[in-house]
Number of protein chains: 2
Amino acid sequence: MSELPLIFAALSEPTRFAIVERLMAEGELPAGAFLDDFDISAPAISRHLNVLSNAGLVTKRVNRQQRLYSARPETIGVVSAWAMGHREFWENSLKRLELALQQEMERK
Amino acid sequence: MSELPLIFAALSEPTRFAIVERLMAEGELPAGAFLDDFDISAPAISRHLNVLSNAGLVTKRVNRQQRLYSARPETIGVVSAWAMGHREFWENSLKRLELALQQEMERK
DNA sequence: CCGTTAATTAACGCAACCGTTAAATTGCAA
DNA sequence: TTGCAATTTAACGGTTGCGTTAATTAACGG
(Lines give C-alpha, C1' and ligand atoms only; values in the text may rest on other atoms or scores of the structure.)
Protein backbone atom coordinates (compact mmCIF):
# COMPACT_ATOMS: atom_id res chain seq x y z
CA MET A 1 0.00 0.00 0.00
CA SER A 2 1.68 3.09 -1.28
CA GLU A 3 0.58 6.62 -0.57
CA LEU A 4 2.49 7.87 -3.58
CA PRO A 5 -0.41 8.01 -6.04
CA LEU A 6 -2.31 10.21 -3.57
CA ILE A 7 0.69 12.52 -3.25
CA PHE A 8 1.14 12.61 -7.02
CA ALA A 9 -2.55 13.37 -7.51
CA ALA A 10 -2.27 16.35 -5.18
CA LEU A 11 0.81 17.64 -7.04
CA SER A 12 -0.67 17.04 -10.49
CA GLU A 13 -2.75 20.20 -10.34
CA PRO A 14 -0.65 23.22 -11.41
CA THR A 15 -2.17 25.55 -8.82
CA ARG A 16 -1.51 23.08 -6.02
CA PHE A 17 1.99 22.40 -7.29
CA ALA A 18 2.72 26.14 -7.23
CA ILE A 19 1.30 26.44 -3.71
CA VAL A 20 3.61 23.71 -2.45
CA GLU A 21 6.61 25.23 -4.21
CA ARG A 22 5.92 28.62 -2.64
CA LEU A 23 5.44 27.12 0.81
CA MET A 24 8.73 25.25 0.50
CA ALA A 25 10.53 28.41 -0.59
CA GLU A 26 8.98 30.89 1.83
CA GLY A 27 7.79 28.80 4.75
CA GLU A 28 4.52 29.21 6.62
CA LEU A 29 1.91 31.38 4.89
CA PRO A 30 -1.77 32.22 5.49
CA ALA A 31 -4.37 30.90 3.04
CA GLY A 32 -5.00 34.40 1.76
CA ALA A 33 -1.39 34.75 0.60
CA PHE A 34 -2.21 32.72 -2.51
CA LEU A 35 -5.14 34.83 -3.64
CA ASP A 36 -2.97 37.14 -5.73
CA ASP A 37 -0.98 34.28 -7.29
CA PHE A 38 -3.86 32.78 -9.26
CA ASP A 39 -7.03 33.97 -10.91
CA ILE A 40 -9.32 31.85 -8.80
CA SER A 41 -11.64 32.53 -5.87
CA ALA A 42 -10.88 32.11 -2.19
CA PRO A 43 -13.04 28.98 -1.89
CA ALA A 44 -11.06 27.39 -4.72
CA ILE A 45 -7.79 28.09 -2.90
CA SER A 46 -9.26 26.72 0.30
CA ARG A 47 -10.23 23.47 -1.40
CA HIS A 48 -6.79 23.10 -2.96
CA LEU A 49 -5.21 23.52 0.45
CA ASN A 50 -7.53 20.87 1.80
CA VAL A 51 -6.52 18.42 -0.94
CA LEU A 52 -2.87 19.07 -0.13
CA SER A 53 -3.61 18.50 3.53
CA ASN A 54 -5.33 15.18 2.85
CA ALA A 55 -2.27 14.05 0.90
CA GLY A 56 -0.05 14.99 3.82
CA LEU A 57 1.73 17.68 1.86
CA VAL A 58 0.80 20.58 4.14
CA THR A 59 -0.19 21.20 7.73
CA LYS A 60 -2.57 23.82 9.05
CA ARG A 61 -2.12 25.98 12.12
CA VAL A 62 -4.67 28.45 13.46
CA ASN A 63 -3.58 31.86 14.63
CA ARG A 64 -6.20 34.52 15.25
CA GLN A 65 -8.31 34.82 12.12
CA GLN A 66 -5.64 33.31 9.93
CA ARG A 67 -5.04 29.70 8.92
CA LEU A 68 -1.29 29.30 8.48
CA TYR A 69 -0.13 26.56 6.13
CA SER A 70 3.29 24.90 5.91
CA ALA A 71 4.76 22.29 3.57
CA ARG A 72 5.53 18.96 5.27
CA PRO A 73 9.13 17.88 4.66
CA GLU A 74 8.35 14.23 5.40
CA THR A 75 5.99 13.93 2.48
CA ILE A 76 8.34 15.58 0.02
CA GLY A 77 10.87 13.15 1.44
CA VAL A 78 8.61 10.26 0.51
CA VAL A 79 8.73 11.36 -3.13
CA SER A 80 12.47 11.73 -2.94
CA ALA A 81 12.87 8.33 -1.33
CA TRP A 82 10.83 6.76 -4.13
CA ALA A 83 13.00 8.38 -6.80
CA MET A 84 16.16 7.40 -4.94
CA GLY A 85 14.89 3.84 -4.69
CA HIS A 86 14.98 3.73 -8.48
CA ARG A 87 18.25 5.57 -8.73
CA GLU A 88 20.07 2.78 -10.50
CA PHE A 89 17.40 2.93 -13.18
CA TRP A 90 17.71 6.63 -14.03
CA GLU A 91 21.15 7.66 -12.81
CA ASN A 92 22.99 7.17 -16.09
CA SER A 93 20.37 9.17 -17.89
CA LEU A 94 20.49 11.92 -15.30
CA LYS A 95 24.25 12.18 -15.65
CA ARG A 96 23.81 12.72 -19.38
CA LEU A 97 21.08 15.27 -18.66
CA GLU A 98 23.27 17.19 -16.24
CA LEU A 99 26.18 17.10 -18.67
CA ALA A 100 23.98 18.46 -21.44
CA LEU A 101 22.72 21.25 -19.16
CA GLN A 102 26.27 22.08 -18.11
CA GLN A 103 27.43 22.30 -21.70
CA GLU A 104 24.44 24.45 -22.49
CA MET A 105 25.43 26.85 -19.71
CA GLU A 106 29.05 27.02 -20.82
CA ARG A 107 28.11 27.65 -24.41
CA LYS A 108 26.47 30.98 -23.46
CA MET B 1 7.02 25.88 -17.86
CA SER B 2 7.23 22.73 -15.84
CA GLU B 3 6.22 19.34 -17.10
CA LEU B 4 6.06 18.01 -13.56
CA PRO B 5 2.29 18.31 -13.04
CA LEU B 6 1.78 16.25 -16.21
CA ILE B 7 4.20 13.61 -14.95
CA PHE B 8 2.53 13.59 -11.53
CA ALA B 9 -0.91 13.29 -13.13
CA ALA B 10 0.24 10.21 -15.03
CA LEU B 11 1.66 8.65 -11.86
CA SER B 12 -1.36 9.53 -9.73
CA GLU B 13 -3.38 6.63 -11.09
CA PRO B 14 -2.54 3.42 -9.16
CA THR B 15 -2.71 1.20 -12.25
CA ARG B 16 -0.36 3.47 -14.17
CA PHE B 17 1.96 3.78 -11.20
CA ALA B 18 2.18 -0.01 -11.00
CA ILE B 19 2.83 -0.26 -14.74
CA VAL B 20 5.77 2.14 -14.47
CA GLU B 21 7.13 0.32 -11.43
CA ARG B 22 7.02 -3.00 -13.25
CA LEU B 23 8.64 -1.57 -16.37
CA MET B 24 11.44 -0.09 -14.27
CA ALA B 25 11.98 -3.41 -12.50
CA GLU B 26 11.70 -5.76 -15.48
CA GLY B 27 12.51 -3.63 -18.49
CA GLU B 28 10.74 -3.71 -21.82
CA LEU B 29 7.37 -5.49 -21.85
CA PRO B 30 4.53 -5.91 -24.36
CA ALA B 31 1.20 -4.21 -23.63
CA GLY B 32 -0.41 -7.56 -23.01
CA ALA B 33 1.94 -8.30 -20.13
CA PHE B 34 -0.18 -6.10 -17.86
CA LEU B 35 -3.48 -7.82 -18.57
CA ASP B 36 -3.06 -10.29 -15.72
CA ASP B 37 -1.89 -7.65 -13.24
CA PHE B 38 -5.17 -5.75 -13.08
CA ASP B 39 -8.85 -6.52 -13.39
CA ILE B 40 -9.42 -4.23 -16.33
CA SER B 41 -9.86 -4.72 -20.06
CA ALA B 42 -7.21 -4.50 -22.75
CA PRO B 43 -8.49 -1.16 -24.05
CA ALA B 44 -8.19 0.28 -20.55
CA ILE B 45 -4.55 -0.86 -20.36
CA SER B 46 -3.91 0.59 -23.79
CA ARG B 47 -5.26 3.97 -22.73
CA HIS B 48 -3.17 3.98 -19.57
CA LEU B 49 -0.07 3.27 -21.63
CA ASN B 50 -0.98 6.15 -23.91
CA VAL B 51 -1.31 8.53 -20.97
CA LEU B 52 2.10 7.42 -19.72
CA SER B 53 3.52 7.97 -23.18
CA ASN B 54 2.10 11.50 -23.40
CA ALA B 55 3.74 12.31 -20.08
CA GLY B 56 7.06 11.02 -21.39
CA LEU B 57 7.19 8.20 -18.87
CA VAL B 58 7.29 5.36 -21.40
CA THR B 59 8.30 4.75 -24.99
CA LYS B 60 6.72 2.39 -27.47
CA ARG B 61 8.50 0.10 -29.90
CA VAL B 62 6.81 -2.10 -32.50
CA ASN B 63 7.97 -5.65 -33.01
CA ARG B 64 5.83 -8.00 -35.10
CA GLN B 65 2.35 -7.95 -33.59
CA GLN B 66 3.57 -6.69 -30.25
CA ARG B 67 3.94 -3.15 -28.92
CA LEU B 68 6.88 -3.17 -26.52
CA TYR B 69 6.90 -0.52 -23.80
CA SER B 70 9.83 0.73 -21.73
CA ALA B 71 10.11 3.22 -18.88
CA ARG B 72 12.05 6.37 -19.77
CA PRO B 73 14.87 7.03 -17.28
CA GLU B 74 15.05 10.74 -18.20
CA THR B 75 11.51 11.38 -16.99
CA ILE B 76 11.98 9.55 -13.71
CA GLY B 77 15.14 11.64 -13.47
CA VAL B 78 13.07 14.80 -13.80
CA VAL B 79 11.10 13.80 -10.71
CA SER B 80 14.29 12.97 -8.88
CA ALA B 81 15.88 16.27 -9.90
CA TRP B 82 12.86 18.14 -8.58
CA ALA B 83 13.05 16.36 -5.23
CA MET B 84 16.80 16.89 -5.05
CA GLY B 85 16.29 20.57 -5.84
CA HIS B 86 14.34 20.82 -2.58
CA ARG B 87 16.72 18.62 -0.68
CA GLU B 88 17.62 21.23 1.87
CA PHE B 89 13.93 21.49 2.69
CA TRP B 90 13.29 17.82 3.45
CA GLU B 91 16.71 16.33 4.26
CA ASN B 92 16.53 16.67 8.01
CA SER B 93 13.12 15.10 8.05
CA LEU B 94 14.27 12.26 5.84
CA LYS B 95 17.15 11.52 8.15
CA ARG B 96 14.70 11.20 11.03
CA LEU B 97 12.49 9.02 8.86
CA GLU B 98 15.36 6.71 7.97
CA LEU B 99 16.45 6.53 11.59
CA ALA B 100 12.94 5.59 12.66
CA LEU B 101 12.78 2.88 10.00
CA GLN B 102 16.16 1.55 11.03
CA GLN B 103 15.12 1.35 14.67
CA GLU B 104 11.92 -0.34 13.62
CA MET B 105 13.95 -2.99 11.76
CA GLU B 106 16.30 -3.58 14.69
CA ARG B 107 13.45 -3.91 17.16
CA LYS B 108 12.17 -7.02 15.37
C1' DC C 1 -7.09 -17.05 -47.83
C1' DC C 2 -8.71 -17.91 -43.13
C1' DG C 3 -8.72 -17.72 -38.41
C1' DT C 4 -6.18 -16.19 -34.42
C1' DT C 5 -3.42 -13.07 -31.77
C1' DA C 6 -2.13 -8.36 -30.21
C1' DA C 7 -3.39 -4.05 -29.71
C1' DT C 8 -5.83 0.14 -30.67
C1' DT C 9 -9.80 3.21 -31.77
C1' DA C 10 -14.80 4.37 -31.31
C1' DA C 11 -18.79 5.30 -28.72
C1' DC C 12 -20.92 5.65 -24.58
C1' DG C 13 -22.03 6.12 -19.23
C1' DC C 14 -20.78 7.29 -14.65
C1' DA C 15 -18.02 9.30 -11.14
C1' DA C 16 -14.66 12.61 -9.74
C1' DC C 17 -12.56 17.09 -10.19
C1' DC C 18 -12.51 22.00 -10.29
C1' DG C 19 -14.60 26.20 -10.83
C1' DT C 20 -18.32 29.48 -9.43
C1' DT C 21 -21.55 32.32 -6.09
C1' DA C 22 -23.93 32.46 -1.76
C1' DA C 23 -24.09 31.46 3.00
C1' DA C 24 -21.95 30.24 7.34
C1' DT C 25 -18.18 30.41 10.83
C1' DT C 26 -14.87 32.59 13.70
C1' DG C 27 -12.04 36.21 15.68
C1' DC C 28 -11.18 41.00 16.22
C1' DA C 29 -12.06 45.78 16.72
C1' DA C 30 -14.95 49.94 17.13
C1' DT D 1 -23.58 44.56 19.36
C1' DT D 2 -22.30 45.75 15.12
C1' DG D 3 -19.53 45.08 11.55
C1' DC D 4 -15.36 43.68 9.09
C1' DA D 5 -11.73 40.38 7.85
C1' DA D 6 -10.20 35.67 6.88
C1' DT D 7 -11.57 31.38 5.65
C1' DT D 8 -14.44 27.53 5.05
C1' DT D 9 -18.75 24.99 3.81
C1' DA D 10 -22.82 24.34 0.79
C1' DA D 11 -24.89 23.81 -3.53
C1' DC D 12 -24.61 23.69 -8.17
C1' DG D 13 -22.70 23.09 -13.24
C1' DG D 14 -19.35 21.85 -16.83
C1' DT D 15 -15.34 19.17 -18.03
C1' DT D 16 -12.29 15.45 -17.67
C1' DG D 17 -11.01 10.73 -16.43
C1' DC D 18 -11.67 5.91 -16.45
C1' DG D 19 -14.27 1.99 -17.23
C1' DT D 20 -17.02 -0.88 -20.45
C1' DT D 21 -18.28 -3.44 -25.07
C1' DA D 22 -18.02 -3.45 -30.02
C1' DA D 23 -15.52 -2.65 -34.05
C1' DT D 24 -11.06 -2.00 -36.47
C1' DT D 25 -6.25 -2.61 -37.81
C1' DA D 26 -2.25 -5.33 -38.55
C1' DA D 27 0.60 -9.36 -38.48
C1' DC D 28 1.30 -14.23 -38.00
C1' DG D 29 0.53 -19.27 -38.79
C1' DG D 30 -1.84 -23.21 -41.06
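Residue numbers start from 1 in every chain, and the chains themselves are labelled A, B, ... in the order their sequence lines are given, proteins ahead of strands. Everything quoted here is computed from the prediction, not taken from an experiment.
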Chemist: Separation of A:Asn50 atom CG from C:dG19 atom P, in whole Å?
Modeler: 14 Å

Chemist: Decide if atom CG of B:Asp39 counts as having more than 12 heavy atoms of other residues, nucleotides or ligands within a radius under 6.0 Å.
Modeler: no

Chemist: Do any side-chain nitrogens or oxygens of A:Lys60 fall under 4.0 Å of OP1 or OP2 in D:dT8?
Modeler: yes

Chemist: Could you tell me the separation between the CZ atom of A:Phe34 and the P atom of D:dA6, rounded to a whole number of Å?
Modeler: 15 Å

Chemist: As a quick check of understanding, evaluate side-chain contact (heavy atoms from CB on, under 4.5 Å) for B:Arg72 and B:Leu57, giving each step before the final call.
Modeler: CA-CA 5 Å; B:Arg72 282 191 63 203; B:Leu57 280 160; over 6 Å; no

Chemist: Kindly indicate whether the side chain of B:Leu52, heavy atoms from C-beta on, has any atom under 4.5 Å from the side chain of B:Val20.
Modeler: yes

Chemist: For B:Tyr69, which contact category applies under a 4.0 Å heavy-atom criterion: base, sugar-phosphate, or nothing?
Modeler: sugar-phosphate

Chemist: Write out all pairs satisfying ring pair (Phe, Tyr, Trp, His ring centres under 6.0 Å) with one or both partners inside residues 27-59 of chain B, taking only residues at least two apart or from two chains.
Modeler: none

Chemist: Protein within reach of the bases, or only the backbone? For nucleotides 13-27 of chain D, mark each nucleotide 5' to 3' as B, S or -, using heavy atoms under 4.0 Å.
Modeler: -----BBBBB----S

Chemist: Now, which nucleotide makes the Watson-Crick or G-U wobble pair with D:dT24, with each of the two distances under 3.5 Å?
Modeler: C:dA7

Chemist: Please list, chain by chain and in numerical order, all residues satisfying salt bridge (charged side-chain N to carboxylate O under 4.0 Å, His left out) with A:Arg22, sequence neighbours excluded.
Modeler: A:Glu26, A:Asp37

Chemist: What's the CD-C1' distance between B:Gln66 and D:dG29, to the nearest Å?
Modeler: 15 Å

Chemist: Look at the aromatic rings of A:Phe17 and B:Trp82 and report parallel, tilted or perpendicular, splitting at 30° and 60°.
Modeler: tilted

